Each structure stands twice: as C-alpha cells, then as structure tokens.
Amino acid sequence: MENIFNKFLHGADYNPEQWLDYPDIFEKDIELMKKAHCNVMSIGIFSWAALEPEEGVFNFEWLDKVINTLYENGINTILATPSGARPAWLSKKYPEVLRVAENRVRNLHGFRHNHCYTSPIYREKTAILNGKLAERYANNPAVIMWHISNEYGGECHCELCQEEFRKWLKEKYKTLDSLNKKWWTTFWSHTFTSWDQIESPSPIGENQVHALNLDWKRFVTDRTIDFMRHEIDTVKKYNSSIPATTNFMYYYEGLNYFKFKDYVDVVSYDSYPEWHSESNIESAYKVAAYFDIMRSIKGKPFMLMESTPSMTNWQRVSKLKKPGMHKLASIQAVAHGSNTVQYFQWRKSRGSSEKLHGAVVDHYGKEDTRVFNDVVEVGITLEKINDVIDSKLESKVAIVFDWENMWALKDSQGPRNIGLNYIDIITEYYKVFWELGINVDFVDMEGDIDKYDLVIAPILYMTRSEYQDKIRAFVEKGGNFVMTYWSSIVNDVDLCYLGGFPGKLMDVFGLRSEEVDALYDYEVNEIRVKKDNKIYKCTHICDLIHASEAEVLAEYNSDFYKGMPALTKNSYGNGNAYYIASRMDGEFNKDFLSKLISDIGIKRNLGVELPFGVTITKREDDLNEYLFIQNYSDEKREINLEEYCLKDIINNNKISNKILLNPYDVVICEKEK
Ligand code: GLA
Ligand code: ZN
C-alpha cells in the first residue's frame, strides 16, 4: 500500500447519471477530459438511486459503460460508495435510517448526509450495494481507489444511537460510580443511578455536564469511523489491494480527523477557500495550515479530492478566481503534500441546488473558456513535475492541534465566552513559519513529538495526564516546547487540575498561573521585553503567573498586573520550556519565533529573504529538493537568490541571481541535495 501514487492525479467528481438522457454529452465529456489532461474521475458519489432504483433491483450497465470507456481513454476511476445520499424508497420504507436531531425530532427524507450511522437497516442496505459494486468493479483495472461515502459529518440522536452511546460509556467507565465521579455529576444533583438515564446532549435536556458533551463528541467520531469501517470492510473483501479514502471537509470541527488515520489508506480533503475576499495572503496561510494538518494525519501525501475550478455557489459572495489563482491554489496543495488536484465537479449540473457551482465544463459545454484553459494548464503542470511524486515534506517544527482540546475549550464556559479563537491562534503562530518558508507539521496529543526540535502548543486547555509526561520527557531530552496561556487547565474528562496550573507541568515551565484576566475585544494590554524594552500589544487573555525557576523575558506593561511576567523561559533537563502568557500581536510572534528558530538552528526551505506575500514550501526525495515558490500578493515580487542556482522544472531552465514572480505566480524548482 506504500506506493499509492505513481503519478499526480488530475480529475474531478463526475456525475454522469445526471446526463443519461443526453447520450452526446458522455462522448463530449471524454473528449474534453482528455483535452483537460485529466487522468482520473471520482464516480458514483451520489448514484444510489441510479444504481438501485427500487429495493433489490440493480442497474449497473450505465456504470459499466462509464468506467470502461473512461479507461479505454486513459482515465482511471475512483469509485465511490454512494452512502452519502439515499434514495427516497429507502427512507419511506425504513424511517429508522433517517437521522434524529438534538431536539429529538426525526428528519424527513431529503437533502443528503443525514442518515443514522447506527441503523442496522442502513448498514445492511449500504453493505448490499457496496458489496455488489465491489464484486463487479474491485478487480477492474480501471478502478484505482475507493471513495468511501462523501464528507461524513453530523450526528444522530435516535434511540439506536443512544443505546450505542451508553454501550460506549459502559466500556469506557465500567461502572456508573466511576462515570459519575469522572463527570462530577454531584454538581446540580446530576448523579445517574441507572445507565438508561444517560442521554446525548440536547438543548431541551442536558448539555451542562462538560465531560458528557466531550464524550458525546468522541462517541460521534467513533461511530462515524465504525460506519466507515463497515463500508471499507465490505468493499475490501473483494480486493484488499485497492486503497480506500474518505474526503474530509474544510475546517470541519465535528469529527476528530486524526482518529481516522489507521482506517483510511490515504487522507483526502475538500478545500474551498474564499480567494479574493479580504486578503489572499491571509487565506493562503490558513489554507496552507489546513493542508499541513491533512498531510500530518497520516504523515504521508494526501489528496486534494475537491476544489472548485472557478467559484462555489454557497460562499457569502461567489467570486471568480482571478487569472493565475487557479494554478497557484492547485499547486499550493501539491506544495504541502497533495499528490492530486481534483475538482468539484466535472460538468455543471443542469438543475437543483448546485447548478450554478463552478465546474470544469460550463453549461456552455465547450472548451474555449477561461476556466477550462486554467484546468488544462494545471494538468500540463502536473505532468511536467512528475519527478516530485515520490517526495515527502520534512519538518523540524510541529504545532499541536487537537480536536478534543478544541471541543473542550469551546465548551468551557470560562474567561472569554465571546471566543478564545483556537484556530485563529493556531494559524497566527503558523503564519510566522509560512512567511519564513519553513515547513510545519501538526500533531495532536497522541502524536509523536520526539522527532521535532520545536513544538508549539497554543491554548492547550485540555492536557491529558500522559501528554504532560510527554512534554516533560521531550523537554528533558533537549526539545524546545512553547506553550501559551490557558493551558493544562483540565484533564481528559474535563476535570480541573488541583494544586495549581498548568497542572503537572508547573515545574517543567518553572511557574504557576494564579489567575487569568480576560479582555473585551476593544481592550489591549502591552508587554515589555526586558532585554530591549520593545513593547508589543497583547489581547484576549492575560495570564497572571508567578515565575519560580523560570527566567522572565517580558513583563506586562499596564493594569494592576504591570510588572508581572508575560513571557518566560525555563531550562529543564537539556531543553527549554517557554510560556507565552497572553495573545501577543503578530510582530511579537515574528520576533520571538524568528529568534528562537535561529537559536535552535532550524533552517528555512531556501536560505534567502522572502518578500511579503511569498512563501516557499519544500518537498524532497533522496536526491533532490523541490521548492514551491508561491506569490500570493497581487504585485510582482523578486527574490534574490544569492549563491543558489536552481532548475525551474516547469519551464526547464536554470535560474540564478533572481527569481521574478508575477502576481499569483508559482515557480517550482529542483535543487540537488
Ligand atoms: C462538498 C461536496 C460536494 C459539493 C461541494 C460544493 O464538498 O462534497 O458534493 O456539494 O461541496 O462545493
Ligand atoms: Zn441514529
């Protein structure tokens, strides 16, 4: 399973079942796919009704023709299991497949992605169809991958799911007594005396027991994975060598995607940034961070399963991509470890809710469009950079991003209920590395941190006991760990640490946090760095800490805690533990981290200064480094190469002296190791 990709994949979601009454369209599609340099299509994602129009009546002829004809024309198939949307006959006959909302009201049929992951009938019906698909196509050389369902998400609160939740809790806590203690249910007399009193969180019932809320979210992830595994097991029975993926969503908070890592062969991802809204540069590093999360989940190349070739039809404003942006945004995914560029969708639907969503082929139906030409250019580019396919991204820096921490933090009812902005803070730190052109991995609390020289953990509110040990061991061995305010407050069941914050890490950081002051959005405090008296702004939270062993590097500059530590460094074992006590401004992050990086000896991907809006990502194999030099600003940029001489692998020429970048330009260079 190591070698999933032997070339870059370029393709789209293809929904030919919408066009079965238009025979000319299929022929035209094949012609256009070849012209667009596409080599793969994802098929069957929403085809259940076309494949099983009535219960037990199957129709695969149209799919046979599609898969085989594409293959004859050099296009492989990523075959979907169609569980993301079910036919009306199924909901009508078996209402238990319909999802029940938090308020305990069962949905009517309609929409998509709203089935119960527990329902035995839904599982049986998906297994029958998935089994038939696998029996028919899993050994067809055209089919190179399974696209399992589509964008799993949401939760079901039906009785079947409640029962499963209770089972899950019993397995975890063994006794009610233990659950009651861990959930601190004596508060408000919420003690449970029988398992069947426990219900999933609801706005019309219980939602104030934080540990219950957290366990429910964990359960939802586990339930979804269980359903996905049920699908994967069914199709793999027929040919276990076909890899399986499922597509994750853009900044989706509802599922802990790290937990999927052992069950999918490759991570795939649907990316829909809002280009040309406020700042492309800001969008660029936020997207980049999420690409890095996707790559980090398995520590392997991922797939850009969906992106729009032009605009979406569901964002606040459906902006077109300006010239250059399509190629830049597509190659950005590759720069961060994707081995595919795929679109939603190949051909614009004629009716229904996505008829105006961007697609490779417009209602116009021909290739002489700006969007089609942009897609061709990406296809050609991917063919030209095929040497990059076996390369990997290496990183010496990791940022801790943990879904469970995000859930607990949001639910915490603490210092700033108007928002602690976890993801924003994560990306604020990430931005510094993006601007310097340094690769970053993301790890959750279960991830290995030993291979990194620098680990940054922003607002790690929930810190499992074992994770505290991990941090201690990492620093002891010589690692550099940066943690911020509002960290290590609660344990894995959301119980506050007793004896002082940050819990068991007080000695590692050489300090104790006594109180936190929360700031309104309009409030600003300042910190003063002792060494050079430089002043920076800080907002949101001011952690009032007492340094015991830690060296105080900066102090607050106003309010009643003026003079108290705002930034500390503690040498512990062979390493250093840094504590940032407030949400510092961008300038501080840049100054502080740049200095730290250079002290530690972490190198930039290319040792040159980068102009504003330009970043460089590096992939490498045994022989070469591949540098992806990207300009997100809407102005021309220039990079002085100093002593470097690079080979531009798109244009096949040598670059020395200077790299010139047009607005939204991307240059891909090879550099011998
Ligand atoms: C999601 C879905 C697609 C389509 C696109 C539209 O990613 O998976 O089916 O609806 O959004 O942007
Ligand atoms: Zn259910």
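For the numbers below, each heavy atom of this structure counts, side chains included, while hydrogens, waters and symmetry mates do not. Note that ligands are numbered from 1 as they come in the structure, with each ligand's atoms numbered from 1 the same way. Keep in mind it's a predicted model, so treat the numbers as computed, not measured.
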Look at the rings of Tyr122 and Trp48 and say which category their plane angle falls in: under 30° parallel, 30 to 60° tilted, over 60° perpendicular.
tilted
Geometric cation-pi criterion Lys132 and Phe60, 6.0 Å radius, 45° cone:
no
Among all the protein's non-hydrogen atoms, which is closest to atom 9 (O) of ligand 1, and how far away is it?
Arg112 NH1, 2.9 Å
Mark up the atoms of ligand 1 that fall under 4.0 Å of a heavy atom belonging to Glu151, in ascending order.
1 (C), 2 (C), 7 (O), 8 (O)
Is the NZ or CZ atom of Arg229 positioned over Phe260's six-membered ring, under 6.0 angstrom from the centre and within 45° of the axis?
no
Would Thr312 count as a contact residue for ligand 1, given that I'm defining contact as a non-hydrogen atom of the residue lying under 4.0 Å from a ligand atom?
no
Contact with ligand 1 for His113, non-hydrogen, under 4.0 angstrom:
no
Under 6.0 Å between ring centres: does that hold for Phe8 and His37?
no
In degrees, rounded to 10 degrees, what angle do Cys161 atom SG and Cys156 atom SG make at the Zn ion (ligand 2)?
110°
Mark up the atoms of ligand 1 that fall under 4.0 Å of a heavy atom belonging to Glu354, in ascending order.
4 (C), 5 (C), 6 (C), 10 (O)
Using 30° and 60° as the class boundaries, would you call the ring planes of His326 and Tyr343 parallel, tilted or perpendicular?
tilted
Taking heavy atoms and a distance under 4.0 Å, where does Thr308 meet ligand 1: side chain, backbone, both or neither?
neither
Numbered atoms of ligand 1 (with element) below 4.0 Å of Asp270, judged on heavy atoms
7 (O), 8 (O)
Can you say whether the rings of Phe442 and Phe401 are parallel (under 30°), tilted (30 to 60°) or perpendicular (over 60°)?
perpendicular
Nearest-neighbour protein heavy atom for atom 11 (O) of ligand 1, which is reported as residue plus atom name and distance
Glu306 OE1, 3.7 Å
Greater than 12 external heavy atoms within 6.0 Å of Leu108's CG:
no
Centroid-centroid under 6.0 Å between Tyr251 and Tyr290 rings:
yes
Trp314 heavy atoms within 4.0 Å reach ligand 1 at atoms 6 (C), 12 (O)
Name the closest protein heavy atom to atom 6 (C) of ligand 1, giving the residue it belongs to and the distance to 0.1 Å.
His357 NE2, 3.2 Å
Short N or O distance, Asn247 and ligand 1, threshold 3.5 Å exclusive
no
Subset of ligand 1 atoms that lie under 4.0 Å from at least one heavy atom of Phe46
9 (O)
Ligand 1 to Phe344, heavy atom cutoff 4.0 Å, flagged ligand atoms 3 (C), 4 (C), 5 (C), 6 (C), 9 (O)
For the residue pair Tyr252 and Tyr257, categorise the inter-ring angle as parallel (less than 30°), tilted (30 to 60°) or perpendicular (more than 60°).
tilted
